Structures are given as C-alpha cells and as structure tokens.
Amino acid sequence: MPARIIDGKKIAKHYRNSITEEVKQLKQKGMVPGLAVILVGENSASQTYVRMKRKTCEEMGIHSVLIQYGDQVGQNELLDKIDQLNNDSSIHGILVQLPLPEGIQTEKVIERISPDKDVDGFHPINIGRMMIGEDAFLPCTPYGILKMLQYENIDPSGKHAVIIGRSNIVGKPAGQLLLRENATVTYCHSKTENLTAYTRNADILIAAAGRAKFIHGNDIKPGAVVIDVGMNRDEAGVLCGDIDFDSAKNTAGYITPVPGGVGPMTITMLMYNTVKAARKTIENGIQ
Ligand code: GUN
C-alpha cells in the first residue's frame with residue numbers, strides 16, 4: 001500500500017487558523033504582534049524564505065519589518081541594530097536569516113538577540129531551556145515536525161527515531177524534541193558509516209542532510225514515518241527533498257512531500273512563536 005502523504009499545507013492551515021484567532025484577540029487588547037526580519041546579502045534562497053515569512057505575517061495580521069543589508073555590512077552595525085530592536089516595544093520577535101556572510105560571527109549575532117525575542121529558538125538560553133524541558137522558544141522546523149506528527153496521531157514514544165543531519169537549526173534540536181516525546185534517538189551525519197543500517201531500522205526517519213534524493217525506498221523500513229526536511233534542486237533544476245519520493249512512497253507508511261511538507265510548518269511555528277512572544281509581554285506586564 002502506498003504511504004499516506006502528510007499534507008504540510010493542510011496542517012499548516014489548521015494551526016494558522018488558531019494563531020490568527022489569537023492575533024485578533026491580542027489586537028482587541030491593543031497589542032499587534034510584531035516581527036523584525038534581518039536579511040544580509042543576496043542569497044536567493046534566503047530572499048525567498050524571507051519573502052514567504054513576511055507574506056505569512058501579512059496574511060495573519062502580524063506586523064513585520066524588514067531590515068536589509070549588503071554583504072559588506074559590519075558586525076557592529078548588525079549588533080547595534082539588534083540592540084535597537086531589543087528595546088523596541090513594537091517588536092516582539094527578531095529573526096536574523098541565516099546563513100550570514102563570511103566574516104560575521106553568527107553566534108555573536110544570535111547571542112545578541114534578547115532570549116525573550118528569539119522566535120527562531122537559536123539563542124543558547126532557549127536551546128538550554130529546551131534541553132532541560134523548560135518553557136522555551138522552540139526552533140521552528142523541529143517544532144513544526146512535532147506538530148505534524150501530533151496532527152497525524154503519530155506518537156513517537158518508544159519508537160526509534162533516526163535523524164540524518166546534525167545542524168543546530170534542524171538535526172540537533174529535532175532529536176532533542178523527539179527524545180522529550182520518549183523516542184529512542186539516533187543521530188546520523190556525513191561521517192556515519194553504513195548509514196542504511198540505521199535508516200532501515202528507523203520507525204521515524206528525519207532527513208535533514210541537504211543532499212538531493214539520496215534516500216531511496218529500499219533504505220527505509222516498511223511502514224516507517226518519513227519526514228523530509230531537504231530543499232534541494234535535482235539534475236533538472238526541480239525542487240526536491242533528501243528523499244527519493246517516488247521510490248520511498250512505496251515503502252514508507254507516512255511521508256512528507258517537498259514542497260508542501262515541512263516548509264509550511266516551519267513558517268507556521270515562526271508565527272506561533274511571534275504571537276507567543278507578544279502574549280508574554282502582556283503576561284509579564286512589560287509592554
Ligand atoms: N536559514 C535556514 N533556515 C532558517 C531558519 O529557520 N531561521 C533562520 N533565521 N534562518 C534560516
């Protein structure tokens with residue numbers, strides 16, 4: 001039986017409806033959630049992501065501000081801008097689109113963002129809080145994956161989750177969040193020997209390696225849940241994931257497509273985090 005397709009667009013719409021509802025409620029209290037997006041350089045994928053994020057803000061009634069720099073911008077100028085946004089009460093979330101140009105120390109920039117406005121969940125304080133199970137802003141892609149699993153009634157508890165990729169943005173936090181849900185987690189990466197020995201044993205397989213279509217149907221355990229975080233171009237220049245969808249769909253039990261899988265959920269959780277940041281300023285009385 002072919003796999004059930006996990007429809008990221010449909011699931012994103014479901015969650016976006018309730019987030020939009022909360023935006024309306026906040027507006028009734030005189031609060032408009034605001035997101036500042038900093039984009040540095042001419043990376044075309046980054047430009048596309050930023051455009052999509054801002055379009056979603058607009059659709060959901062979230063105020064968004066774009067701050068753009070050429071790739072020659074100095075690190076101090078960026079840090080000063082972040083200081084200014086940290087002190088701006090109309091801005092609840094700050095996002096610095098990655099990657100940053102060479103010569104800028106990404107961790108210095110991220111660490112300058114107030115942890116209370118770190119809607120990407122990349123600040124070491126939020127990562128630490130996530131690790132020990134405290135309330136935190138969770139990184140949007142792994143959080144979106146978790147929400148997709150919940151929507152599909154897939155309980156990771158006791159399951160073997162295999163993550164391919166160990167980035168700070170996706171792989172590492174995805175493993176932590178699945179561990180929190182009582183999965184048994186294995187991390188694989190570019191140095192892993194005999195990768196398919198792991199992938200064939202995965203009840204939940206998360207591919208976040210950034211290599212076009214490199215996991216095939218016969219690398220997958222029959223019936224497995226396959227989540228494809230890849231955003232690549234194939235030989236013909238067509239957008240594709242890390243999973244070879246056409247062969248994998250005959251082995252997997254569930255599979256996310258690319259596009260229309262994880263991507264819409266990443267943006268949805270960014271909106272969720274921005275609204276949460278706004279709500280917290282009211283709760284903490286620091287408006
Ligand atoms: N670059 C790729 N993914 C992301 C993301 O989720 N957030 C930011 N800020 N940059 C990215």
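Counting starts at 1 for both ligands and their atoms, following the listed order. Keep in mind that the numbers below use all heavy atoms, side chains included, and drop hydrogens, waters and symmetry copies. Just so it is clear, the structure is predicted and the values come from calculations on it, not from any experiment. One-based numbering along the sequence shown.
- Taking the charged nitrogens against the carboxylate oxygens, Asp135 and Lys276 do have a contact shorter than 4.0 Å, which makes a salt bridge.
- From the protein, the heavy atom lying nearest to atom 4 (C) of ligand 1 is Gln97 NE2, 4.1 Å.
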Take Lys172 and Asn168 through the side chain to side chain donor-acceptor pair (under 3.5 Å) test and state the conclusion after the steps. CA-CA 6 Å; Lys172 281 185 205 159; Asn168 291 334; 2.8 Å; yes
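- Counting only heavy atoms of the protein, atom 1 (N) of ligand 1 lies nearest to Leu98 O, 2.9 Å.
- On a distance-only criterion, Asp120 and ligand 1 share at least one N/O pair closer than 3.5 Å.
- When hydrophobic clusters are built by joining Ile, Leu, Val, Met, Phe, Trp and Tyr residues whose side-chain heavy atoms come closer than 4.5 Å, directly or via intermediates, Leu95 is grouped together with Met271.
- In this structure, Asp219 contributes its side chain and Thr199 its backbone to no donor-acceptor pair below 3.5 Å.
- A donor-acceptor pair is defined here as one N or O able to donate and one able to accept, closer than 3.5 Å; such a pair exists between the side chain of Asp118 and the backbone of His123.
- Here Val96 has backbone heavy atoms under 4.0 Å from ligand 1, and that is the only part of it that gets that close.
- Residue contacts with ligand 1: Leu95 is included, with a non-hydrogen atom under 4.0 Å away.
- Under the 4.0 angstrom criterion for non-hydrogen atoms, Phe122 is in contact with ligand 1.
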